[in-house]
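The block underneath contains the structure these notes are about, expressed in structure tokens.
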Amino acid sequence: MRELSPADPLRWLVLGWRDFMHAPGIGLFYGACFASMGLAIAWTFVRSPQWTLVLCGSFLLLGPFLAIGLYDVSRRLERSEPPSLGRSLTAWDSNFSALVLYLGVLVVLEMLWSRSALVVFAVSFNTMPSAHSTLDLLLNPENIEFVIAYAAVGAVFAALIFCTSVISIPMIMDRDTDGISAGITSFRVCFLNPMTMFVWGTLLTLLVVLAMLPWFMGLLVVGPVLGHASWHAYRAAVVPRQTTAGSGAAP
């Protein structure tokens, strides 16, 4: 692993934008998928909030598969190979079993997160959340203790998922490694570079939130750019295999 600078995330975004501009058609395809997922979740939250968590869990599996296509495009551009939408759609099959196992862990974490949030809601109020009641309760200044507890639980699980996955999925795709080793490496990268990973996580959150504001249409561009940038974050954090093979160091 490499030590990173807090300024590196800005460089990853620049490289992500460069990759997007080299293959804008492929990027817009994946961006449209991300935007459609956001619209589907928003529509379900308003019309049938009881199915929102189910849909989020499904997209938690689908999202990384889509991101792998963007990683494949960045890897091909890195190798001076022409990117292809068809090849990017099947890039996940290079290490399918490890990827499925790892995504299963993510789903379990997401389920624990949602259950913990429901427990916080249940001990604070005597009704189950709905689309309108949740928003009203979160915006009511009288419920400050609930808001703090709700945010704290979300922050803990969000940090856990981020540390586990920040470089895991591109590493699984790029190398013949298992999900546990990739997750441990991701944690080690975060502990070695806490400030850089904090800046990167903050940038990811802000850009996604801003992209969601215009009816998720910002994800058409922000989604693929962040996907490409995540590949460059992985490349910056972990020494390439050919380098480690020559030096005898562990990847």
Side-chain angles (χ1 to χ4, degrees), residues 1-38 59-60 62-83 85 88 91 106 155 158-159 161-174 182 185-240:
M1 295 177 297
R2 296 188 179 102
E3 292 189 13
L4 303 170
S5 164
D8 283 340
L10 294 176
R11 182 175 63 85
W12 303 336
L13 289 175
V14 172
L15 293 173
W17 174 256
R18 183 201 64 184
D19 288 353
F20 174 76
M21 294 304 295
H22 275 91
I26 298 176
L28 289 174
F29 169 81
Y30 285 103
C33 293
F34 295 138
S36 299
M37 290 162 60
F59 287 161
L60 191 64
L62 180 59
F65 274 98
L66 293 174
I68 287 174
L70 295 167
Y71 304 152
D72 178 75
V73 171
S74 290
R75 182 171 64 173
R76 291 184 181 278
L77 290 172
E78 185 179 89
R79 297 174 176 176
S80 298
E81 299 175 0
L85 177 60
S88 71
L106 286 185
I161 292 175
F162 175 79
C163 290
T164 306
S165 61
V166 63
I167 65 156
S168 298
I169 297 178
M171 183 175 179
I172 291 173
M173 184 207 77
D174 188 47
T185 302
S186 187
F187 259 106
R188 291 174 62 196
V189 167
C190 290
F191 281 119
L192 180 63
N193 305 283
M195 183 54 65
T196 303
M197 290 297 109
F198 175 78
V199 172
W200 182 226
T202 301
L203 284 174
L204 289 174
T205 302
L206 290 176
L207 289 172
V208 169
V209 170
L210 291 175
M212 292 168 58
L213 294 179
W215 292 100
F216 298 93
M217 289 300 101
L219 291 175
L220 284 169
V221 174
V222 173
V225 168
L226 293 182
H228 292 308
S230 296
W231 170 261
H232 293 288
Y234 155 68
R235 275 301 198 214
V238 181
V239 178

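Treat the numbers as computed from the prediction; the structure is a model and nothing was measured.
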Step by step, would you call Ile167 with Ser186 a side chain to side chain contact (heavy atoms under 4.5 Å, CB included)?
CA-CA 5 Å; Ile167 65 156; Ser186 187; 3.8 Å; yes
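- Panel note: side chain Arg2, backbone Arg235; a donor-acceptor pair is recorded below 3.5 Å.
- A distance of 5.0 Å separates CG of Asp174 from CZ of Arg75, quoted to the nearest 0.5 Å.
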Determine, stepwise, if the pair Phe191 / Cys163 fulfils side chain to side chain contact (heavy atoms under 4.5 Å, CB included).
CA-CA 9 Å; Phe191 281 119; Cys163 290; over 6 Å; no
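- Taking CG from Leu10 and CG from Leu15, the interatomic distance works out to 11.0 Å, rounded to the nearest 0.5 Å.
- Here the CH2-CG distance, from Trp12 to Leu203, works out to 9.5 Å after rounding to the nearest 0.5 Å.
- Remark: the backbone N or O of Leu4 is paired with a side-chain donor or acceptor of Thr196 at under 3.5 angstrom.
- Between Met212 atom CE and Leu210 atom CG the span is 10.5 Å, to the nearest 0.5 Å.
- For Arg11, the salt bridge (Lys or Arg N to Asp or Glu O under 4.0 Å) partners are Asp8, not counting sequence neighbours.
- No donor-acceptor pair under 3.5 Å is formed between the side chain of Ser88 and the backbone N or O of Asp72.
- Residues satisfying the salt bridge (Lys or Arg N to Asp or Glu O under 4.0 Å) criterion with Asp19, sequence neighbours excluded, are absent altogether.
- Expressed to the nearest 0.5 Å, how far CG of Leu219 lies from OH of Tyr30 amounts to 16.0 Å.
- For the atom pair CG (Leu13) and NE2 (His232), the distance works out to 10.5 Å, reported to the nearest 0.5 Å.
- The neighbour count for Phe198 CZ, taken as heavy atoms of other residues, nucleotides or ligands under 6.0 Å away, does not exceed 12.
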